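Lettering of chains follows the sequences in order, A, B, ..., and the numbering in each one begins at 1. From a predicted model like this one, the values you see are computed outputs, not experimental measurements.
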Number of protein chains: 2
Amino acid sequence: MAQSKSAADNGNRESERRRTILRAAIDVFARKGYHGCRIADVAKEAGVAYGLVYHYFKNKDELLETVFDTGWSGFVTRVRAVVEGEGPLSAKVHGVVDVAFEAYRVDPRAVKVLILEIARSPAGSRINRQTAFVDAIRLSSELFIRAKEAGELRADTDPLLSSALLFGAIEMGLTAFVTGLADSRDAQALERAKAQIADTFLHGVLADASPGAESAAWKPEKPSSEKSSTKSKAPKRP
Amino acid sequence: MAQSKSAADNGNRESERRRTILRAAIDVFARKGYHGCRIADVAKEAGVAYGLVYHYFKNKDELLETVFDTGWSGFVTRVRAVVEGEGPLSAKVHGVVDVAFEAYRVDPRAVKVLILEIARSPAGSRINRQTAFVDAIRLSSELFIRAKEAGELRADTDPLLSSALLFGAIEMGLTAFVTGLADSRDAQALERAKAQIADTFLHGVLADASPGAESAAWKPEKPSSEKSSTKSKAPKRP
DNA sequence: CCGCCGGCTGATTGAAGAATCAACCAGTCG
DNA sequence: CGACTGGTTGATTCTTCAATCAGCCGGCGG
């Protein structure tokens, strides 16, 4: 970015290096998996020396953890914005699906790492990745708790499970693309999948029939800004 | 098992040892994850010596692969039986869900390993674990292809994606128990989850007229009046 | 022009653990 | 009852990497 060599630029260049490494880590993790790659692979991908990775990250695990923080917290922030925003349930469900698919559109590899490495990885080291996933489900379950109190949902639905099912559907939908079951270069397929996931789920869960919003009516929006602190975002390519 | 010491018993005892080790592997993998455990842990769990594991399995990976073969092929066989059997779609969907939950009831740890270690593991060694999961989805997608031709499904559903969503819902439902989000000792909760997954999915995917096979008829507490008028197009955030 | 400073390098180390293998022993058979 | 078989053992070897650290530039201030 900035080409100036001023002293102030120093910190800039530092964090740029850091970002390069992080980016490389995401790519390599996505390609070979966390356990399937060496720090050397990450360094090579980033075009830096082996040891530099350790200059910016305490260890391999912190690298993954940072990938996690960066990507996941951004995702959760956006989901929270949707959940806590105004509007009917159907809009929010579409919103949650949108957030997930938008993240995928922006950076499929990062999403792949989140899904394949972090969300499902067995109880690991420091961070509680398991918990992270569970937290997101709990968060969006508030949606369904409120909706159920308002009588919007079928009587026999459990809010927590509903929330889990939504995420399950989203995740498996994305997995279909991540694993190549579906062609992720096909933008239309992505749109259709998005619509079908939200609609299927809504049809399944809503008390009254038509949620009205068939796929055609739904237009994706760019998650532009967060309510308060727009900070750590899903990794983006410049 | 048979205590006789006849010669014919030999082969029996061999495979019994093997099964013991396999069983131990499942337990240890479920507890600490494939990468998080040593062969020594498996041996200890099985109550055998380190080296014996290598007498029955070529290496650590073959161990996991065998766990996979054993568990997954059984699952797929049952799913195939359901898919190729007679009956309405709704019964089959319930059947598939049943198969998954029954597997969990019978051997939760094995299911945990399948879900956490195998189905989602990144492109790893030889075996096509990725493919296996995809195959199951393809298999059950035939269900939806046929149902759609029969006009049983909403027009805008993609069979393959529907199948993926069903498995996604099942998997996340099970994950809720596997990770402790829900209490898996609570048999009722399992039953309820099972029913809700199948019903939610069916409601979401079936063409409107509810087929007789549907489970308990639910009653809306009140027709949600305003909700239906508000399109999902509503802004997901102000 | 020199020498310092901090980002950067990559050979080196050593821990962890997968895989091996020579010895051991519990049965079995002649 | 003694030779034999093959399942079983676990110390030993060998490999793989994560993590270290002793220095190398290259810019910058003096």
Inset, instruction - Sequence neighbours left out, what passes side chain to side chain donor-acceptor pair (under 3.5 Å) with B:Ser140? Give chain and number order. - result: B:Ser163

Legend entry - Interatomic distance, B:His35 NE2 vs D:dT16 P [rounded to whole Å]: 16 Å

Legend entry - For A:Phe101, ring-ring contact (aromatic ring centres under 6.0 Å, His included) partners two or more places apart: none

Legend entry - Ring geometry between B:Tyr104 and B:Phe177 (parallel below 30°, tilted from 30 to 60°, perpendicular above 60°): tilted

What are the atom names and distances for every N/O pair under 3.5 Å that joins the protein to nucleotides 11-16 of chain C?
none

Inset, instruction - Quick one: list whatever passes ring-ring contact (aromatic ring centres under 6.0 Å, His included) with B:Phe144, sequence neighbours left out. - result: B:Phe201

Legend entry - Atom pair distance, as rounded to whole Å: NZ in B:Lys58 and C1' in C:dA18: 13 Å

Legend entry - Partners passing ring-ring contact (aromatic ring centres under 6.0 Å, His included) against B:Phe167 (at least two apart in sequence or in another chain): none

Legend entry - Side-chain ion pair, B:Glu45 and B:Arg31, N-O less than 4.0 Å: yes

Legend entry - Side chain of B:Lys60 - closest among D:dA18, C:dA19, C:dC8: C:dA19

Legend entry - Length of the OH-P vector between A:Tyr54 and D:dT20, whole Å: 8 Å

Legend entry - Angle of first-five versus last-five pair axes in the helix from C:dC1-D:dG30 to C:dG30-D:dC1, to 10 degrees: 20°

Inset, instruction - Would you classify A:Ile39 as touching base, sugar-phosphate or nothing, given that sugar-phosphate means primed atoms plus P, OP1 and OP2, and contacts are heavy atoms under 4.0 Å? - result: sugar-phosphate

Inset, instruction - Report yes or no: is the cationic atom of B:Lys60 (NZ for Lys, CZ for Arg) closer than 6.0 Å to the six-membered ring centre of B:Tyr54, at no more than 45° off its axis? - result: no

Legend entry - Whole angstrom value for the distance that separates P of C:dG7 from CZ of A:Arg18: 14 Å

Inset, instruction - List the steps and the verdict of side-chain contact (heavy atoms from CB on, under 4.5 Å) for A:Met172 and B:Leu166. - result: CA-CA 9 Å; A:Met172 191 59 81; B:Leu166 175 59; over 6 Å; no

